Amino acid sequence: MLEDTGNAKVKAWMHAEAYKTNQFFNKLPGSTQMHAQVKAVLDNYKFDEIDAVNFSKGKYYLTKRKAGEENFSLYAVNAKGKEELLIDPQKANPKIKSKNVMLAYFSFEENTPYMFYMLIAGGNESDAKMVMRDMNTGKEQTDTMYLNQNMGISSFDPKRSDAFYYTNQPNFRKAGIDPIHWYDSSSIRYHIIGSDSSTDKTIIDIMPAGINKEVDDRVDLIVKKDLNYVYAIIKNKVANQYRIYGVKKTEFNGTATLWKLIADYDDKIS
């Protein structure tokens with residue numbers, strides 16, 4: 001029930017709880033003075049934040065949010081420490097008409113000049129923009145994909161540089177389904193940059209026929225040029241433990257793959 005933040009009863013309950021909490025803390029001795037001191041510290045302590053860092057072809061790439069900025073931008077840093085602003089999410093795509101665009105993800109395709117990054121406008125994860133950028137020419141290709149904050153690229157296709165496998169988690173927001181089970185499914189899909197994502201092929205599907213409380217949360221696919229095996233890794237949504245399947249690369253055949261169980265949750269691999 002509490003997952004459904006759009007529900008009027010849930011909103012009323014949250015506002016009531018927030019009001020009670022504020023009333024309690026406001027009555028504590030010194031609360032006003034403490035609030036003023038904390039605000040003064042935060043107002044004067046301005047600093048840059050660095051989040052994700054990646055290394056590719058002699059440069060470090062990092063997401064940084066400078067003091068006073070709302071969202072993270074992507075910077076490239078060379079061996080001499082010279083920093084270059086590469087992607088400002090608010091200016092990256094003029095077609096996105098939003099005052100709040102977030103850079104949610106970036107990754108590099110091995111042995112190619114391509115970088116992938118994801119833009120989310122106004123917190124709407126169901127309408128993310130996946131962008132492939134040629135680092136040599138600066139040319140970009142943008143695809144609209146159905147993704148949310150729990151998803152991203154699992155593996156690039158070793159056979160072609162403009163395609164990848166990604167985790168898809170469809171939303172079961174329907175009447176009669178408990179909100180806690182809205183995301184009780186996961187699948188691996190295959191996308192070629194420039195194609196319509198609605199035509200993406202499903203490679204692994206653990207979507208239930210109905211909603212099942214025991215359904216696993218997320219599946220990832222590991223495909224690498226230097227590995228003879230392909231791995232499917234499923235993470236338990238409550239415990240930080242994994243169920244791992246594998247198959248020889250020559251036997252990898254999409255949804256027809258006969259996966260072999262390597263480790264289960266009882267093995268407590270995390």
Side-chain angles (χ1 to χ4, degrees), residues 52-56 104-112 114-118 125 128 130 132 143 145-172 181-193 195 197-270:
V53 180
N54 203 331
F55 183 79
S56 178
Y105 172 94
F106 79 97
S107 181
F108 289 90
E109 162 63 318
E110 297 178 51
N111 304 315
T112 77
Y114 297 118
M115 181 188 76
F116 291 79
Y117 66 91
M118 187 190 300
E125 290 94 354
M130 181 66 76
M132 182 180 76
D143 286 8
M145 305 184 67
Y146 181 75
L147 300 167
N148 66 32
Q149 68 271 25
N150 296 318
M151 298 175 203
I153 296 174
S154 281
S155 292
F156 294 99
D157 186 347
K159 297 179 181 178
R160 55 187 300 173
S161 59
D162 64 341
F164 55 84
Y165 301 94
Y166 67 95
T167 304
N168 181 257
Q169 195 171 33
N171 188 332
F172 284 93
H181 297 304
W182 280 351
Y183 296 100
D184 271 2
S185 182
S186 182
S187 64
I188 293 291
R189 305 186 76 192
Y190 182 76
H191 182 72
I192 299 173
I193 289 291
S195 67
S197 61
S198 66
T199 63
D200 290 350
K201 292 182 179 179
T202 298
I203 307 300
I204 299 175
D205 191 1
I206 59 172
M207 186 184 297
I211 298 302
N212 186 326
K213 291 182 180 180
E214 301 302 320
V215 171
D216 302 300
D217 184 36
R218 178 191 170 104
V219 57
D220 279 298
L221 185 71
I222 308 300
V223 185
K224 297 286 186 181
K225 289 181 180 179
D226 55 352
L227 292 179
N228 294 322
Y229 280 78
V230 175
Y231 298 97
I233 302 176
I234 302 173
K235 182 181 179 181
N236 184 281
K237 68 179 181 180
V238 177
N240 187 28
Q241 295 170 355
Y242 297 87
R243 176 178 287 149
I244 304 173
Y245 296 87
V247 68
K248 287 183 179 180
K249 191 176 288 185
T250 55
E251 299 172 357
F252 177 52
N253 187 25
T255 53
T257 302
L258 299 177
W259 294 99
K260 299 173 184 176
L261 183 64
I262 296 174
D264 211 337
Y265 295 139
D266 292 340
D267 296 309
K268 302 188 184 302
I269 295 176
S270 63

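None of the values given here were measured: they were computed from a predicted structure. Counting begins at 1 with the first residue of the sequence.
Expressed to the nearest 0.5 Å, how far CG of Leu261 lies from CD1 of Ile244 amounts to 9.0 Å. Between atom CE of residue Met115 and atom CZ of residue Phe106 there is a gap of 7.5 Å, rounded to the nearest 0.5 Å. Distance check: Ile203 CD1 to Ile188 CD1 gives 9.0 Å after rounding to the nearest 0.5 Å. Rounding to the nearest 0.5 Å gives a distance of 5.5 Å between CZ of Phe252 and OG1 of Thr257.
Ser155 places a side-chain N or O within donor-acceptor distance of the main-chain N or O of Val223, the cut-off being under 3.5 Å.
A 4.5 Å side-chain heavy-atom check between His191 and Ser197 finds at least one atom pair inside the cut-off. Put simply, the side chain of Glu251 does not reach to within 4.5 Å of the side chain of Asn253, judged on heavy atoms. Side chains of Ile233 and Val219 form no contact here, defined as non-hydrogen atoms less than 4.5 Å apart. Between Arg189 and Ser187 there is a side-chain heavy-atom pair separated by less than 4.5 Å.
The side-chain hydrogen bond (donor to acceptor under 3.5 Å, both in side chains) test applied to Thr199 returns no partner, not counting sequence neighbours. For Asp264, the side-chain hydrogen bond (donor to acceptor under 3.5 Å, both in side chains) test picks out Arg243, with sequence neighbours left out. Taking Phe55 as the reference, Tyr60 meet the ring pair (Phe, Tyr, Trp, His ring centres under 6.0 Å) condition, with sequence neighbours excluded. For Asp267, there are no salt bridge (charged side-chain N to carboxylate O under 4.0 Å, His left out) partners at least two apart in sequence or on another chain. Under the side chain to side chain contact (heavy atoms under 4.5 Å, CB included) criterion, Lys159 pairs with Asp157, not counting sequence neighbours. The ring pair (Phe, Tyr, Trp, His ring centres under 6.0 Å) search around Phe116 returns Phe156, Phe164, not counting sequence neighbours.
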Go through the steps for Asn54 and Ser107 under the test side-chain hydrogen bond (donor to acceptor under 3.5 Å, both in side chains), then give the verdict. CA-CA 8 Å; Asn54 203 331; Ser107 181; 5.0 Å; no
Quick one, Asp200 with Tyr166, criterion side-chain hydrogen bond (donor to acceptor under 3.5 Å, both in side chains). Give me CA distance, side-chain angles, the key distance, then yes/no. CA-CA 10 Å; Asp200 290 350; Tyr166 67 95; 2.7 Å; yes
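Atom CG of Leu258 has 12 or fewer neighbouring heavy atoms from other residues, nucleotides or ligands inside a 6.0 Å radius. Counting heavy-atom neighbours within 6.0 Å of Tyr190 OH, excluding the residue itself, gives a total above 12. More than 12 heavy atoms of other residues, nucleotides or ligands sit less than 6.0 Å from atom NZ of Lys249.
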